Asks: 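Sending over a structure as structure tokens; questions will come in a sec.
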Amino acid sequence: MQQIRIRDRLKSRSKSNILARVMYKRVRNHVVKLINNAKSNYFIQQIMENKDNVKNLWKVLKRVVPITPLQLQPQQIEVDATGLDGISIRLLKAALPAISSSLVNIYNASITSGIFPDEFKRAKVTPCHKKESTHERGNFRPISVLSMLSKPLERHVSLSFCEHLRSHDLLYLNQSGFRSHHSCETALINITDKWLKAMDDGELIGAVFMDFSKAFDLVNHDVLLRKLAKYHISQQALQWFTSYLDGRSQQCSVLGSLSSSLMLERGVPQGSILGPILFSIYINDLPMSLGEANADIYADDTTLWSSSKSCDEIQQTLQNALDITE
């Protein structure tokens, strides 16, 4: 209460005093943080006190979640977005002390049985306006949100799978996307260093910059699973990934209304944790098929390049590589 009184006093003086205005903003932000922490601690305490009383527990949870849905324009996305189950990350964190053991049982059962829960496969897609006319479908970017309950399970599998790929050096060396200690900067430094070395040797550089349209949405599941099998994962893990990809669906959300469900037969799950690394596996063998051309990749952006003292040789090398990618 003392901090609130200080905030109010500073607010009244902030209109005519610059120093008071600066102090007011700091104290105001501090008060907001204190209030949020107090609310969080209160709800955690209430959940723990009522974890054995289902009726009272749901009353507490309903107070954490907004009662009425927000009416959003298509170009607006909630900061605290939820999937089709309506569970936000804020609610999940608040309820974690009471439900963590149950979630661990579900996650362990999923891994040991090789079955990914169907409820985790349903996505809510919200169209986000990008540019120009709002009457053109192509001017919207689909933002996909999956169940927050699926994130810890995906994170665990992702960490384990990435460690398997890293320890056996299975990822293409010049893939800089979705990897720890890699970024756009490291990709640029790597390719610039190679080009400068070639120029020092008196060679010319030819490059083609490629961006595969809808690349993440066009991944063939059967091809991806056959490639996963080549990376020496267990049969149980392969069964889990098969279940993870199969039977996925999405519904479009506009102004609080949901479309009918659409089954997804291709693509890696948008908005997922495992989607990016699965896409990396899908294109991991691309550079081995490009002949003499070099390839540097960041996610789905690929730079094909070749160096030589002959322009004709560079052109032929790059054209052969492009013919293969088609």
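None of the values given here were measured: they were computed from a predicted structure.
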Asks: Considering non-hydrogen atoms only, spot the tightest contact between Leu146 and Ser272 and give its length.
Replies: CD1-CB, 3.7 Å

Asks: Do the side chain of Ser253 and the main chain of Gly256 share a donor and acceptor less than 3.5 angstrom apart?
Replies: no

Asks: Between CG of Asp211 and OG1 of Thr303, what distance do you get to the nearest 0.5 Å?
Replies: 10.5 Å

Asks: Quick check: does any side chain N or O of Arg179 sit under 3.5 Å from a backbone N or O of Gln175, one acting as donor and the other as acceptor?
Replies: yes

Asks: Please report the shortest heavy-atom distance between Ala123 and Leu84, naming the atom on each side.
Replies: O-CD1, 3.6 Å

Asks: Are Ile281 and Leu170 connected in a single hydrophobic cluster, I mean Ile/Leu/Val/Met/Phe/Trp/Tyr linked by side-chain heavy atoms less than 4.5 Å apart?
Replies: yes

Asks: Quick one, Ile277 and Leu165 - any side-chain contact, counting heavy atoms below 4.5 Å?
Replies: yes

Asks: Can you tell me how far the CD1 atom of Ile89 sits from the CG atom of Leu149, to the nearest 0.5 Å?
Replies: 9.0 Å

Asks: Can you give me the closest heavy-atom contact between Arg266 and Leu218, atom names plus distance?
Replies: NH1-O, 3.8 Å

Asks: My understanding is that only residues two or more places apart in sequence, or in another chain, count here; which of them pass salt bridge (charged side-chain N to carboxylate O under 4.0 Å, His left out) with Asp296?
Replies: Lys194

Asks: Between Ala94 and Pro97, what is the shortest heavy-atom contact and its length?
Replies: O-CD, 3.4 Å

Asks: Side-chain heavy atoms nearer than 4.5 Å, only ILVMFWY residues, links allowed to pass through others: does that put Tyr244 and Ile106 together?
Replies: yes

Asks: Decide side-chain contact (heavy atoms from CB on, under 4.5 Å) for Thr317 and Ile314; before the verdict, give the C-alpha distance in whole Å, the side-chain angles of both, and the deciding distance to 0.1 Å.
Replies: CA-CA 5 Å; Thr317 298; Ile314 292 175; 5.8 Å; no

Asks: Residues two or more places apart in sequence or in another chain: which of them pass salt bridge (charged side-chain N to carboxylate O under 4.0 Å, His left out) with Lys197?
Replies: Asp201

Asks: Do Gln319 and Asp323 have side-chain atoms, one donor and one acceptor, less than 3.5 Å apart?
Replies: yes

Asks: Supply the atom-to-atom distance Thr186 OG1 to Ile191 CD1, rounded to the nearest 0.5 angstrom.
Replies: 11.5 Å

Asks: Any donor and acceptor pair, going by atom type alone, linking the side chain of Gln236 with main-chain N or O of Gly114 inside 3.5 Å?
Replies: no

Asks: Roughly how far, to the nearest 0.5 Å, is the OG atom of Ser249 from the NZ atom of Lys124?
Replies: 14.0 Å

Asks: If you count every heavy atom of other residues, nucleotides or ligands that lies below 6.0 Å from Met199 atom CE, does the total exceed 12?
Replies: no

Asks: Just jot down the salt bridge (charged side-chain N to carboxylate O under 4.0 Å, His left out) partners of Asp301, sequence neighbours excluded, or say none.
Replies: none

Asks: Determine whether Val125 and Val219 fall in the same hydrophobic cluster, where Ile, Leu, Val, Met, Phe, Trp and Tyr are linked whenever their side-chain heavy atoms lie under 4.5 Å apart.
Replies: no

Asks: I'd like to know if Val223 and Val268 are part of one continuous hydrophobic network [Ile/Leu/Val/Met/Phe/Trp/Tyr, side-chain heavy atoms within less than 4.5 Å].
Replies: yes

Asks: When rounded to the nearest 0.5 angstrom, what distance separates OG in Ser176 from CG in Asn190?
Replies: 6.5 Å

Asks: If we only count heavy atoms from C-beta on, is the Leu103 to Leu96 side-chain gap below 4.5 Å?
Replies: yes

Asks: Taking Ser160 for the side chain and His156 for the main chain, is one N or O donor matched with an acceptor at less than 3.5 Å?
Replies: no

Asks: According to a 4.5 Å side-chain heavy-atom criterion applied to Ile, Leu, Val, Met, Phe, Trp and Tyr, with indirect links allowed, do Phe120 and Leu262 form part of one hydrophobic cluster?
Replies: no

Asks: With side chains defined as the heavy atoms from C-beta onward, is the minimum distance between Leu153 and Ile111 less than 4.5 Å?
Replies: yes

Asks: Just do the side-chain contact (heavy atoms from CB on, under 4.5 Å) check on Ser307 and Trp195 with the steps written out, would you?
Replies: CA-CA 8 Å; Ser307 62; Trp195 288 0; over 6 Å; no

Asks: Apply the test side-chain contact (heavy atoms from CB on, under 4.5 Å) to residues Leu238 and Leu228: give CA-CA distance (whole Å), side-chain angles for both, the deciding distance (0.1 Å), then the verdict.
Replies: CA-CA 7 Å; Leu238 185 61; Leu228 280 171; 4.1 Å; yes

Asks: Side-chain contact, heavy-atom cut-off 4.5 Å: Ser150 with Glu119?
Replies: no

Asks: Do any pairs count as a side chain to side chain donor-acceptor pair (under 3.5 Å) and have a residue in residues 278-288, sequence neighbours left out, and if so which ones?
Replies: Lys227-Asp285, Tyr231-Asn284

Asks: Can you see whether Ser183 engages Glu185 through a side-chain donor-acceptor pair at a distance of less than 3.5 angstrom?
Replies: yes

Asks: Could you give all pairs that pass the side chain to side chain donor-acceptor pair (under 3.5 Å) test and reach residues 98-115, with sequence neighbours left out?
Replies: Ser110-Trp240

Asks: Tell me whether Glu49 at atom CD has more than 12 heavy atoms from other residues, nucleotides or ligands lying less than 6.0 Å away.
Replies: yes

Asks: Any side-chain heavy-atom pair from Leu278 and Leu245 closer than 4.5 angstrom?
Replies: yes

Asks: Is a side-chain donor-acceptor pair under 3.5 Å present for Ser308 with Glu313?
Replies: yes

Asks: Considering only heavy atoms from C-beta outward, does the side chain of Tyr172 approach that of Leu286 to under 4.5 Å?
Replies: no

Asks: Hey, is NE2 on His182 packed in by over 12 heavy atoms from elsewhere, all under 6.0 Å?
Replies: yes

Asks: Does a donor on one side chain and an acceptor on the other come within less than 3.5 Å for Gln235 and Gln239?
Replies: no

Asks: Which pair of non-hydrogen atoms, one from Leu304 and one from Leu290, has the smallest distance, and what is that distance?
Replies: CD2-CD1, 3.3 Å

Asks: Start with the C-alpha distance between Leu264 and Gln250, add both sets of side-chain angles, then the distance that settles side-chain contact (heavy atoms from CB on, under 4.5 Å), and finish with yes or no.
Replies: CA-CA 7 Å; Leu264 302 176; Gln250 67 180 26; 3.7 Å; yes

Asks: Does Lys151 pair with Glu154 as a salt bridge, N-O distance under 4.0 Å?
Replies: no

Asks: Flag the pair Ile297 / Ile283 as yes when at least one side-chain heavy-atom distance between them is below 4.5 Å, and no otherwise.
Replies: yes

Asks: So do the side chains of Gln270 and Asp217 get within less than 4.5 Å of each other, counting heavy atoms only?
Replies: yes

Asks: Mark yes or no for whether Lys121, through its side chain, and Ser243, through its backbone, hold a donor-acceptor pair below 3.5 Å.
Replies: yes

Asks: Taking the inter-plane angle between the rings of His164 and Phe161 on a 0 to 90° scale, is it parallel (under 30°), tilted (30 to 60°) or perpendicular (over 60°)?
Replies: parallel

Asks: Quick one: do Gln316 and Asp312 satisfy side-chain hydrogen bond (donor to acceptor under 3.5 Å, both in side chains)? Show the steps, please.
Replies: CA-CA 6 Å; Gln316 186 61 48; Asp312 292 336; over 6 Å; no

Asks: Might you point out which heavy atoms bring Asn294 and Ser306 nearest each other, and give the distance in Å?
Replies: ND2-CA, 4.3 Å

Asks: Is it true that Asn41 and Gln45 share a donor-acceptor pair across their side chains at a distance under 3.5 Å?
Replies: no

Asks: Output the distance between atom CE (Met148) and atom CZ (Arg90), rounded to the nearest 0.5 Å.
Replies: 12.0 Å

Asks: Taking ILVMFWY side chains as joined if any heavy atoms are under 4.5 angstrom apart, and letting links pass through other members, which residues group with Leu173?
Replies: none

